[in-house]
Each structure stands twice: as structure tokens, then as C-alpha cells.
Amino acid sequence: MPLASTAPRPAAPPHRARLRAVDVAFTPAGARRADVTVVIDVLRATTTIVRAFEAGYRRVLCAATLDAAYALDAPGRVLAGERRCVRPPGFALGNSPGDTDPPLGDVLVLATTNGTPAILRAAALSTVVLIGCLRNLEATLDAIGDRDVQLLCAGTDGRPSLEDTYVAGRLAQRLGGQASDAALLAQAVAGERPDALAAGAGGRALIAAGLARDLAVCGQESVDATVPTVRAAAAGVATLEPLKGPR
Ligand SMILES: O=C(O)[C@H](CS(=O)(=O)O)OP(=O)(O)O
């Protein structure tokens, strides 16, 4: 029988934790299945949703279409949204994040051109859907934790937008991990275009519509602690509640 060796064992190879995967979809059509997706429509839907919860709304119902929003109208519910940056007929509010304060009811029903359809797309692809923007940047990073994540940019009319790509890049820079080529591209945009909100077509359209004040609200960073999440989605409506309460 061989004697047990008294020689020290060779050191075990260093434990190599798998790097978290970080991907970016520049448009909803480019999104894939993912456990965790963060939807970004910094101008203005995701900023407006974060502001609505910070102002005191208890729930946000995201509608894919104006008709779906009209069908949700009920006492205690406030219709908000836009078409071509402007408040639709019969809606109480437009899509300006500042207009959610003070709250006019318990529930905000939001229908926007790109943002709310992007949230519904994410809900069809992911178990966990978070709502991100510059205002809750730090809180969103906390909520992602060390999980793999897809950053889904709402874009504009099926095309990438500078401002959403910029915010995705800001998040990707901080998340590190195994960045996809799309995540690396977004990081490059974040590094090169700190003026993204005002410089892109979306920002220019808001300025032309007399809504430059919204750019200032949307551009404030890490001032809100609320990270909204999708609790349910069906029939063209996603129900959002806060993952975390306001500070
Ligand atoms: O006005 C907004 O907030 C935009 C307008 S547009 O769709 O970019 O023309 O809507 P959103 O869905 O919030 O991007």
C-alpha cells in the first residue's frame, strides 16, 4: 500500500468566477430573451415613469397604444403620454416628467410612441424588467447587482437613438463584465457624446416643441432612488410598481 505523501499539495488553480454578461439592444426589434432587461427611454418615457413614482403615484400602467390607454381610463387613473411630443386629445398630461408632480391620482396610465411599446417588448422577453434612466442610474446599477443583463434602448421609430445609447453606455461602463460588441459600442458613445440628450434628434425635437425644460429634468443623474419594475403584462398593458421606494 503506498504511503500517504507528506509533500504539500500543489496549489489549486485560482477560482475564476464567470464574468457577468452585459448586452445592449439598440432598438426593441434587436432585443433577445434575457433574465434581466433594463428598458431605457431617457427622453422621456422611462424618466417620466421614475418621476411619477417619486411624486407619489402607486402604479403606472404602460399602454402599447392610445386606444389601450383610453380603455384603461377610470376614476383615480390619470392618462399621460404623447404623440409627436404633444399630449394626445383627452389625456390629462403629456409626457413631461415634471408634470407628474403633484400626482393627480393613484395610477398613471402612460402611452408614448417608443417607450411604452419597448417596455411591453421587454416584458415578453424577460422575467425581470427594470426601468432605467439617468435620474436613477445608481439605483439601477444596485438593482442589477451581479446578474447578466440586457440594456434595451427604446430608440426612435425602430432606429437607434443617441440619447438611449448614451445611457446604456453609461450603465455598461459601470457594469463591466463580459461586454458584447453592442455594449462596447454603447460605451464608446457614452465616452464621446456627453451632449447626447441635446444633440440627438429626440432632444432637438423636444427643444423645437418648446420642451427644453424636460431635457434638464431628464439629464439629472442619480437623484432618484426608485427603480420601477414590471409586475405583470398582458393584452398590451404592462403594470409597473417600484422595486425600491424613494429615498
Ligand atoms: O416625446 C417623447 O417623450 C417621445 C417622443 S418620440 O417618440 O421620441 O418622438 O416619446 P417616447 O416614447 O417617450 O420616446
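When a ligand or atom number is given, it counts from 1 through the structure's own listing order.
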### Query
Taking distance alone, with no angle check, do Thr156 and ligand 1 share an N/O pair under 3.5 Å?
no
### Task
Indicate, as side chain, backbone, both or neither, the part of Asn114 found under 4.0 angstrom from ligand 1 when only non-hydrogen atoms are considered.
both
#### Entry: ligand 1 atoms in contact with Thr112 (distance to a heavy atom under 4.0 Å)
11 (P), 12 (O), 13 (O)
## Note on the structure
The reported gap from CG in Asn114 to CD1 in Ile119 (rounded to nearest 0.5 angstrom) is 11.0 Å
### Message
With rounding to the nearest 0.5 angstrom, report the OG1 to CG distance, Thr156 to Asp41.
### Response
7.5 Å
### Task
Show which atoms of ligand 1 fall inside a sub-4.0 Å distance from at least one heavy-atom site of Leu43.
3 (O), 4 (C), 11 (P), 13 (O), 14 (O)
## Note on the structure
So CD of Glu82 and OG1 of Thr113: to nearest 0.5 Å the spacing works out to 3.5 Å
### Query
Roughly how far, to the nearest 0.5 Å, is CG of Asn136 from CZ of Phe53?
11.5 Å
#### Entry: Separation between CG of Leu43 and CG of Leu162, rounded to the nearest 0.5 Å
10.0 Å
### Message
To the closest 0.5 Å, what do you measure between CG (Asp142) and CG (Leu130)?
### Response
11.5 Å
### Query
Is the shortest distance from a Lys or Arg side-chain nitrogen in Arg51 or Asp224 to a carboxylate oxygen in the other one below 4.0 Å?
yes
### Query
Mind checking whether Leu125 and Thr37 have side chains closer than 4.5 Å, heavy atoms only?
no
### Message
For Thr113, which part has a heavy atom under 4.0 Å from ligand 1: side chain, backbone, both, or neither?
### Response
both
### Atoms in ligand 1 flagged as close to Ala45, the criterion being non-hydrogen separation under 4.0 Å
13 (O)
### Task
Please could you name the atoms of ligand 1 that Asn95 approaches to less than 4.0 Å, counting only its heavy atoms?
2 (C), 3 (O), 10 (O), 13 (O)
### Protein heavy atom at shortest distance from atom 1 (O) of ligand 1
Arg44 NH2, 2.7 Å
## Note on the structure
In this structure, atom 14 (O) of ligand 1 is nearest to the protein heavy atom Asp41 OD2, 2.8 Å
### Query
At the 4.0 Å heavy-atom cut-off, does Cys85 count as touching ligand 1?
yes
### Task
With heavy atoms under 4.0 Å as the rule, classify the contact between Glu82 and ligand 1 as side chain, backbone, both or neither.
side chain
